[in-house]
Amino acid sequence: MTEARIHTTRIGAIEATILDDGPLTVPATFMFADADGCRRSAVLAEEGLDPEALLAGLSGMVVETEAHERVLLDGGSGGRWHPGLGQLPEALARIDCPAHAIDVVVVSHAHPDHLGGLLDERGRVRYPNARHVVGTDEWAHWTSDEFLDAIEPAWAELARDVLPKIESRLHLTSGVCEIALGVTTWPCPGHTPGHIGARISSGAETLLWVGDAFGHPLGVRYPEWSVATDMDPARAERSRHQLIGAAVALDALVFGNHFPFPAVGRISAGPAGWDWIEAS
């Protein structure tokens, strides 16, 4: 296994470090599940992308606020979802940030690749001193037996393992809520019922964390294309349009968990609509 990668950027006076959880490829039929097949094939051919193995990834981000709080945006898979993933704790170690030094963990949603890393190898809460921020609607769904009994059994099993263990550290949020200095939750539902991202601001600079609202950079150009795991595709599309509008209006950096590492860049006008420009 290669060394866990890190990438540091700045938002005004705030330092943010992207933490690579590992490599990931997925078929285009999953990433853009409801796209017209001929149109999807043509776009991928134009971009030189392999429709059977689109390069994606899985990353988290740790933000050190101006009040010196450390905020972790998603905790990775914990090696409980896909072979080769689970490197985020090693990436944290590379920046000398032990788990007990994390003050806040923001959980975008309760899919396994974002939930599994909240526990350590012994099944204990990995970030024992952190408030765990979860969307109110997300918590309600993923702690409902009726909901869990109707979804993929392995996903339900993980939720039933992880969520009760973080409940004593839980901070539920709905709408826009400042959860640390310069870090504000940003509702973007659709991928899951209570999916959230965040706005990180310092001075005149902003970063938008979009979680899994976008699964791939091409989703910026084609926000009408939904990922197979979008639970409410129409609502997810509306969230993507809103995030694109906000990113452009704010001239914000954008961080997407599943974008190829370093997973951060900007959205700008291109000949075919909006385009993703990866940060250098």
Side-chain angles (χ1 to χ4, degrees), residues 5-11 16-36 39-51 53-61 63 73-74 108-109 113-114 186 188 190-191 195-201 205-230 233 236-280:
R5 295 176 294 178
I6 60 173
H7 176 86
T8 300
T9 189
R10 296 199 70 84
I11 307 102
T17 304
I18 296 101
L19 310 164
D20 186 18
D21 197 59
L24 183 65
T25 59
V26 297
T29 51
F30 172 88
M31 186 62 77
F32 305 118
D34 63 354
D36 175 81
R39 177 62 177 147
R40 181 179 58 212
S41 296
V43 168
L44 295 175
E46 290 168 7
E47 297 292 324
L49 298 174
D50 182 350
L54 284 179
L55 177 63
L58 180 61
S59 299
M61 175 185 281
V63 173
L73 307 181
D74 269 346
S108 64
H109 64 296
D113 47 327
H114 302 262
W186 187 293
C188 39
H191 184 63
H195 182 279
I196 58 173
R199 173 177 173 172
I200 295 93
S201 300
E205 297 186 27
T206 297
L207 179 143
L208 284 180
W209 170 42
V210 301
D212 277 17
F214 295 88
H216 187 274
L218 270 179
V220 171
R221 191 184 306 166
Y222 302 101
E224 67 275 16
W225 290 359
S226 292
V227 181
T229 47
D230 282 350
E237 181 183 346
R238 291 196 298 272
S239 287
R240 285 190 285 273
H241 282 289
Q242 290 165 358
L243 287 163
I244 290 169
V248 172
L250 295 166
D251 188 27
L253 283 169
V254 175
F255 166 55
N257 291 98
H258 286 296
F259 286 7
F261 193 84
V264 66
R266 294 185 186 273
I267 296 173
S268 67
W274 299 109
D275 277 333
W276 170 256
I277 309 299
E278 184 178 285
S280 56

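None of these values were measured; they are calculated from a predicted model.
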Could you tell me which residues satisfy side-chain contact (heavy atoms from CB on, under 4.5 Å) with Ala279, sequence neighbours excluded, listed by chain and number?
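Testing Ala279 for side-chain contact (heavy atoms from CB on, under 4.5 Å), a comparison that skips the adjacent residues, returns Val264.
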Hey, can you tell me if Tyr222 and Trp225 have their rings parallel, tilted or perpendicular (30° and 60° cut-offs)?
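Aromatic pair Tyr222/Trp225 classed parallel.
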Classify the ring geometry of Phe214 against Phe259: parallel below 30°, tilted from 30° to 60°, perpendicular beyond 60°.
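It falls in the perpendicular class, over 60°.
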Decide whether Arg266 and Ser268 meet the rule of one side-chain donor and one side-chain acceptor closer than 3.5 Å.
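Distance-only check fails for Arg266 and Ser268.
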Non-neighbouring partners of Asp230 that pass salt bridge (Lys or Arg N to Asp or Glu O under 4.0 Å), sequence neighbours left out:
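Here the qualifying residues are Arg240.
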When you compare the side chain of [Y] with that of [X], does any pair of heavy atoms fall below 4.5 Å?
X: Asp20; Y: His7; value: no
X: Phe32; Y: Val43; value: no
X: Asp113; Y: Asp212; value: yes
X: Asp21; Y: Ser59; value: no
X: Leu44; Y: Leu218; value: yes

Please determine whether side chain to side chain contact (heavy atoms under 4.5 Å, CB included) holds for the pair Phe255 and Val210, giving the CA-CA distance in whole Å, both sets of side-chain angles, and the decisive distance to 0.1 Å.
CA-CA 6 Å; Phe255 166 55; Val210 301; over 6 Å; no
Can you list every side-chain hydrogen bond (donor to acceptor under 3.5 Å, both in side chains) pair that touches residues 40-49, not counting sequence neighbours?
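For residues 40-49, and leaving out neighbouring residues, the side-chain hydrogen bond (donor to acceptor under 3.5 Å, both in side chains) pairs sorted by first residue read Glu47-Arg221.
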How far apart are the C-alpha atoms of Leu207 and Met61, what are their side-chain angles, what is the distance that settles it, and do they pass the side chain to side chain contact (heavy atoms under 4.5 Å, CB included) test?
CA-CA 11 Å; Leu207 179 143; Met61 175 185 281; 3.8 Å; yes
So, applying side-chain contact (heavy atoms from CB on, under 4.5 Å) with Leu73, which one of Leu19, Ile200, Asn257 is it?
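With Leu73 as partner, Leu19, Ile200, Asn257 yield a single side-chain contact (heavy atoms from CB on, under 4.5 Å), made by Ile200.
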Option passing side-chain contact (heavy atoms from CB on, under 4.5 Å) with Leu54 (candidates Leu49, Thr25, Leu24)
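The passing option is Leu49.
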His258 side-chain N/O to His216 backbone N/O, donor-acceptor pair under 3.5 Å
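No; judged by distance alone, with no hydrogens or angles, the pair does not exist.
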Atom CE of Met31 and atom OG1 of Thr229: how far apart are they, to the nearest 0.5 Å?
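With rounding to 0.5 Å, CE (Met31) is 8.5 Å from OG1 (Thr229).
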Would you check, one step at a time, whether the test side chain to side chain contact (heavy atoms under 4.5 Å, CB included) holds for Ile267 with Trp276?
CA-CA 5 Å; Ile267 296 173; Trp276 170 256; 4.3 Å; yes
